[in-house]
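This structure is a prediction, so every number in the text was calculated from the model and none was measured.
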Amino acid sequence: MKVVLLAGGFGSRISEESIYKPKPMIEIGGMPILWHIMKEYAYYGHNEFIICAGYKQEYIKEWFANYFLHNSDVSFDFRDGKNEMTVHHSKLEPWKVTVVDTGYNTMTGGRIKRVQEYVGDEPFFMTYGDGVCDVDINKLLTFHKSHGKNATLTAVKMKQEKGVLDIEGGAVKSFREKNISDGAPINAGYMVLEPSIFNYIEGDSTVFEKEPLNSLVEEGQLMSYIHEGFWQCMDNIRERDMLEKLLQAGKAPWKKWERIVPNNH
């Protein structure tokens, strides 16, 4: 199945780096977080990707254009006026990557709509280009097929940071730290969508998380796959540093592949 990745936003909350590159291309462990997400899907055998690019979309195209060169042993032969390149060994993943310029100011729904011709008339995965998790992609797919609805999203509960107070008559009767059960489930992405999803999207100004998802809810066509494992988005430098530390400590739950992630410090 094809995997659609939303990678066109500005990443304003992590502007220290997104001023130079798209947010999904910000690196953790020496590789873009987008690459980590792709490795997650590839681990389960899904190797065809459609990237919805926008802001600084040329950066994404150039990165993948150079990926082959940077991960191969090559000889350059300039003798006798020649300009020949010979590839000896390549360490590339067996991926097909389509990078689509979906517009600078296009909303999330509009970006999905713009890649319809590349998706075709078949179900597909879709997620955001700034969050990693250890969800079992194939179990997610099996769940989606089991209920026959138009869409499945992965839901996670986030641990709340504030303490819980039991107050009676102005007096605090008890205090405890919030735990994960106190948090409402949130949309973590990692969706499975039927091709009928395109009928819910009007155009570039459509925010996928508003009208389309609300319409699916009203029609009883949206199901949630509860994930109780790891999930983390990268909205700011603190979260990027946290993901970096997990990688360097060898404790990154989303990293199930064998390839070593380089230490870039």
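- Between the OG atom of S72 and the NE2 atom of H88 there is a distance of 10.5 Å, given to the nearest 0.5 Å.
- Summarising the geometry, atom OG1 belonging to T106 is positioned 11.0 Å from atom CG belonging to L6; distances are rounded to the nearest 0.5 Å.
- Counting heavy atoms from C-beta outward, W254 and L246 have side chains that approach closer than 4.5 Å.
- Here the side chains of K113 and T206 are not in contact, with every heavy-atom distance at 4.5 Å or above.
- Between I201 atom CD1 and R111 atom CZ the span is 12.5 Å, to the nearest 0.5 Å.
- Linking ILVMFWY residues whenever their side-chain heavy atoms come closer than 4.5 Å, directly or via other members, places V192 and V3 in the same cluster.
- Panel note: side chain Y190, backbone G131; a donor-acceptor pair is recorded below 3.5 Å.
- Surrounding CZ of F143 are more than 12 heavy atoms belonging to other residues, nucleotides or ligands, all under 6.0 Å away.
- Between V4 and V115 the shortest side-chain heavy-atom distance falls below 4.5 Å.
- Put simply, the side chain of D134 gets close to the backbone of F230: a donor and an acceptor are under 3.5 Å apart.
- In this structure, I197 and L216 approach most closely via the heavy-atom pair CD1-CD1, 3.4 Å.
- Side-chain N or O atoms of Q57 include none that pairs as donor or acceptor with a backbone N or O of A53 at under 3.5 Å.
- Hydrophobic clustering keeps F124 apart from Y43 (ILVMFWY residues linked when any side-chain heavy atoms are closer than 4.5 Å, directly or through intermediates).
- In summary, E40 and K256 do not engage in a salt bridge, as defined by a charged side-chain N under 4.0 Å from a carboxylate O.
- No side-chain donor-acceptor contact under 3.5 Å links K210 to the backbone of P212.
- A donor-acceptor contact shorter than 3.5 Å is absent between the side chain of E27 and the backbone of P32.
- Between H144 and Y225, the ring centre distance reaches or exceeds 6.0 Å.
- Of all the heavy atoms in A7 and P22, the pair that sits closest is O-CB, 4.4 Å.
- Summarising the geometry of D235 relative to E239, their closest heavy-atom pair is N-OE1, 2.6 Å, with the distance given to 0.1 Å.
- By the rule that hydrophobic residues join a cluster once side-chain heavy atoms approach within less than 4.5 Å of another member, L141 and V156 end up as members of one cluster.
- Checking H46 against N138 by side-chain atom types alone, a donor-acceptor pair falls below 3.5 Å.
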Practice item. Please step through salt bridge (Lys or Arg N to Asp or Glu O under 4.0 Å) for the pair D80 and K82, ending with a clear verdict. Key: CA-CA 6 Å; D80 303 321; K82 294 184 294 185; 5.1 Å; no
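- Heavy-atom contacts from other residues, nucleotides or ligands closer than 6.0 Å to CD of E209 number more than 12.
- A continuous path of Ile, Leu, Val, Met, Phe, Trp and Tyr side chains, each step under 4.5 Å between heavy atoms, connects M31 with Y59, placing both in one hydrophobic cluster.
- For F125 and Y44, the distance between ring centers is not under 6.0 angstrom.
- The closest side-chain donor-acceptor pair between Y67 and W35 falls under 3.5 angstrom.
- Taking the side chain as every heavy atom from C-beta outward, I33 and I26 never approach each other to under 4.5 Å.
- A continuous path of ILVMFWY side-chain contacts below 4.5 Å connects I51 to M234, so both sit in one hydrophobic cluster.
- Using a 4.0 Å cut-off between a side-chain N of Lys or Arg and a carboxylate O of Asp or Glu, R114 and D204 qualify as a salt bridge.
- A donor-acceptor pair under 3.5 Å is absent between the side-chain atoms of K157 and the main chain of E228, judged by distance alone.
- In this structure, CG in L193 is found 5.5 Å from CE in M126, a value given to the nearest 0.5 Å.
- Distance check, rounded to the nearest 0.5 Å: CD1 of I37 to OH of Y128 gives 12.0 Å.
- When atom types are taken as modelled, the side chain of S224 and the backbone of L153 share no donor-acceptor pair closer than 3.5 angstrom.
- With salt bridges taken as basic N to acidic carboxylate O contacts below 4.0 Å, one links E93 and K39.
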Check your understanding: Which is it for F64 and F49 under the ring pair (Phe, Tyr, Trp, His ring centres under 6.0 Å) test, yes or no, and what are the steps along the way?
Key -> CA-CA 12 Å; F64 280 101; F49 302 94; 8.6 Å; no
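- Using a 4.5 Å cut-off on side-chain heavy atoms (C-beta onward), M85 and S75 make no contact.
- The structure places CG of L34 at 11.0 Å from CD1 of I28, a figure rounded to the nearest 0.5 Å.
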Point to revise | Audit row: M25, W63, side-chain contact (heavy atoms from CB on, under 4.5 Å) steps and yes/no | key: CA-CA 9 Å; M25 300 306 290; W63 191 90; 3.5 Å; yes
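- Atom CG of D121 is surrounded by 12 or fewer heavy atoms from other residues, nucleotides or ligands within 6.0 Å.
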Exercise for review: Test side-chain contact (heavy atoms from CB on, under 4.5 Å) on M38 and L5 and set out the steps.
Suggested key: CA-CA 9 Å; M38 294 167 73; L5 300 165; 3.6 Å; yes
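- Proximity of I50 to V100: side-chain heavy atoms (C-beta onward) are separated by under 4.5 Å at one or more points.
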Practice item. Test K61 against D101 for salt bridge (Lys or Arg N to Asp or Glu O under 4.0 Å), laying out the working first. Key: CA-CA 10 Å; K61 292 176 180 175; D101 181 2; 5.2 Å; no
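- The closest side-chain heavy-atom distance from M242 to Q232 is below 4.5 Å.
- Under 3.5 Å, the side chains of N150 and Y200 contain a donor-acceptor pair of N or O atoms.
- In this model, a donor atom of one side chain and an acceptor atom of the other lie less than 3.5 Å apart for T152 and H147.
- Judged by distance alone, with hydrogens and angles left aside, the side-chain atoms of K2 form no donor-acceptor pair with the main-chain N or O of E48 at under 3.5 Å.
- Put simply, the side chain of K96 reaches to within 4.5 Å of the side chain of T98, judged on heavy atoms.
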Practice item. Report the C-alpha distance between L247 and H36 in whole Å, list the side-chain angles of each, state the deciding distance to 0.1 Å, and finish with yes or no for side-chain contact (heavy atoms from CB on, under 4.5 Å). Key: CA-CA 11 Å; L247 276 167; H36 287 262; 3.6 Å; yes
Check your understanding: Under the side-chain contact (heavy atoms from CB on, under 4.5 Å) criterion, do T127 and Y41 qualify, and how do the steps go?
Key -> CA-CA 11 Å; T127 196; Y41 282 96; 3.6 Å; yes
